[in-house]
Amino acid sequence: MRWSQAFIPTLRDDPADSEAVSHKLLVRGGYIRQLMAGVYSMLPLGQRVRENVMRVIREEIDAIGGQEFLLPQLHPREIWDRTGRAETMKDIMMSFDDNKGSPMVLGPTHEEIFATVSRELTSYKQLPQLWYHIQTKFRDEARPKSGLLRVREFTMKDSYSFDVDQEGLDVQFDRHFDAYHRIFKRLGMNAIAVRASSGAMGGEDSVEFMVASEVGEDEVAHCEACGFAANVETATSVIPQISDTDGPTEIKEFDTPGVRTIADLETFPGGAPADRQIKTLVYFVDGEPVLILMRGDHQLQDQKLMDHLQTADLRPAQPEEIKPLLGADAGSLGAVGVTDVRIVADEALRDRLAMTTGANTNDRHLSGVAMARDITVTEWADVRTVQPGDGCPTCGEKLTVFPAIECGHIFKLGTFYAEPLGVSVLDEQGKTIPIVMGSYGIGVERNMAVSVEVNHDDKGIIWPMEISPFHVIITVVRPDDEATLEAAETLSNALEASGFAVLLDDRNERPGVKFNDAELIGVPLRVTVGPRGVQSGILELLDRRTGQSVDVAIDDVFDRLVELISSPGAQA
RNA sequence: CGGGCUGUGGCGCAGUCUGGCAGCGCACUGGUCUGGGGGACCAGGGGUCGCCGGUUCAAAUCCGGCCAGCCCGACCA
């Protein structure tokens, strides 16, 4: 491919409406253009990378026995009503009536549709099956953001497994687990598998694949010592015991004028350190008030609370709802003597003595509070947010917590879809049994973007060889020099004839412009061909990743390039 | 959905407060020179100033309404 004839609109400046590095670089590099919020056009370079990502995914899923389908994007809403997801997913479903007035949706995912096709499975002898497709999904996200990282129209590889029993599902799930690790590695990403809650997908068990990144929307707690990893929405940790034997044993109420926060009370004369305070939060759960008690220096993890309470209907109380309930405003709240409100206490408070907490009278607090003696706890639960430095729940070493992007998610669905959709086979005894399903998703464009997030420098993108739009870029320093252009074309033709993708930069531009563009678009290998080199028989070979260049005899360049392209770890 | 910010040529922006010829840089076209890290000079082309309405002799600028995009939060595979 000659750059002079290609449509690669690179930009010198960052686009004004971008924040994420991948967004800036993919726009500047001429890979993508935005059409509207959360909807992007793939330009030729972007489409090449997208195809490469899909190829990698396809190879790995085929390798574990996947059969490729292509299911429609346009669905009757009725099929989504049957599983109840028309309701649970209504906020993100693109929904409309066709010209006859029939309710339609654009598919946000395809469990229902694959399950419908699978009704033609009739016998246990046909199982297991592994089906997948790579298809456009539509999700009307409330807030698309960060370029390709969070969009409303995107491509996803989703596979679905069908088995007679849980053991079969486990096998297919584990195969995906391994295949996904291979995929992310080939995309140049270090993905960490974390246990997650299944959310709206339904089902029993799920694992998210997370890649550490500043632009991540999730937080992952990770133990480098033993490999434990969990989304902070579910993560637990161990923390040191605190000895309370030196504190007051009798409850005493005292004035605390102006004290409104944990930090205020730490510095107030006669106050207490945060880890000797009880923080009292007021929430409404399924419309009923609930007190949540936390150690003063701990943060509530909403998702853990929701999981514990088995509800999604959870909100903090409004200030005007608090005073009628407890008799004081936030800042002076406590649970001592409260018996008519449900009280959930965090495990970190169990058996604590000599604590300080609000007195339910404005500007008054209590000291010497003993949890067991003074507070009528309805239930104990671990609802604390894991902090960096907490102990790992499996090995006790220190945990790190970092932001991460979800790059893939695999689910054990069980019979969640099979039962409402009537998906079953006959077993060996001729008995009807529901098919046990799994589903496994990877977002194509999101992974493109994440690969850029973790593979770039201040000059631009640095693609992993497998998904780079080109294997090699040949920068012709003086395309008006006949011998130079001819040498470059000879090399380019030889590489292309061997099946490699080559971008020949034959534009009549200053060398600096071409070098900068080459680095921006991120092709991993660059050969510089100029009159000087052609005359001396030496060409410069530059490794984009290391920035190191080596001089190679013109007759050896082809072999050297083939070697480098074929062995991803090698350096020029 | 709540809060904030922004819409002016392909891209990045000034001009809006204080109404009066629509500008700058990059990019683009033709030319001369230059030629291994975003080069110089000469000559050019390109804009419904987000949309609708109002005020005014006159609106990018003032007023009202709407739309779109970005960021933070809520929500979310």
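Everything numeric in this text was worked out from a predicted model, so none of it was measured.
- The side chain of A:Arg510 approaches B:G35 more closely than any other nucleotide in the set B:G12, B:G35, B:G69.
- The A:Glu509 side chain lies nearest to B:C28 when the options are B:C71, B:C28, B:G36.
- Between the side chain of A:Asp13 and the base of B:G38, no donor-acceptor pair of N or O atoms lies under 3.5 Å.
- Ring pair A:His222/A:Phe402 is perpendicular by interplanar angle, where above 60° counts as perpendicular and below 30° as parallel.
- Nearest to the side-chain atoms of A:Phe154 among the listed nucleotides B:G36, B:C71, B:A77 stands B:A77.
- When heavy atoms are screened at a 4.0 angstrom cut-off, A:Ser146 is found touching the sugar-phosphate backbone but no base atom.
- In this structure, of B:G37, B:C71, B:C11, it is B:C11 that holds the atom nearest to the side chain of A:Leu11.
- The aromatic ring centroids of A:Trp131 and A:Tyr160 lie 6.0 Å or more from each other.
- For A:Arg143, the listed nucleotide lying nearest its side chain is B:G73; candidates were B:G73, B:G12, B:G35.
- Taking atom CG of A:Asp480 as the reference point, atom C1' of B:G35 lies 8 Å away to the nearest angstrom.
- Look at A:Phe411 and the base of B:A77; the rings do not stack under the cut-offs of 5.5 Å between centres and 30° between planes.
- The aromatic ring centroids of A:Phe114 and A:Tyr417 lie 6.0 Å or more from each other.
- Nearest to the side-chain atoms of A:Asp17 among the listed nucleotides B:C72, B:A77, B:G69 stands B:G69.
- For B:G38, its base never sits under 3.5 Å from the side chain of A:Arg507 at any donor and acceptor pair.
- Note on A:Gln34: only backbone sugar-phosphate atoms sit closer than 4.0 angstrom, heavy atoms only; bases stay farther off.
- The base of B:G37 lies close enough to the side chain of A:Asn516 for a donor and an acceptor atom to sit less than 3.5 Å apart.
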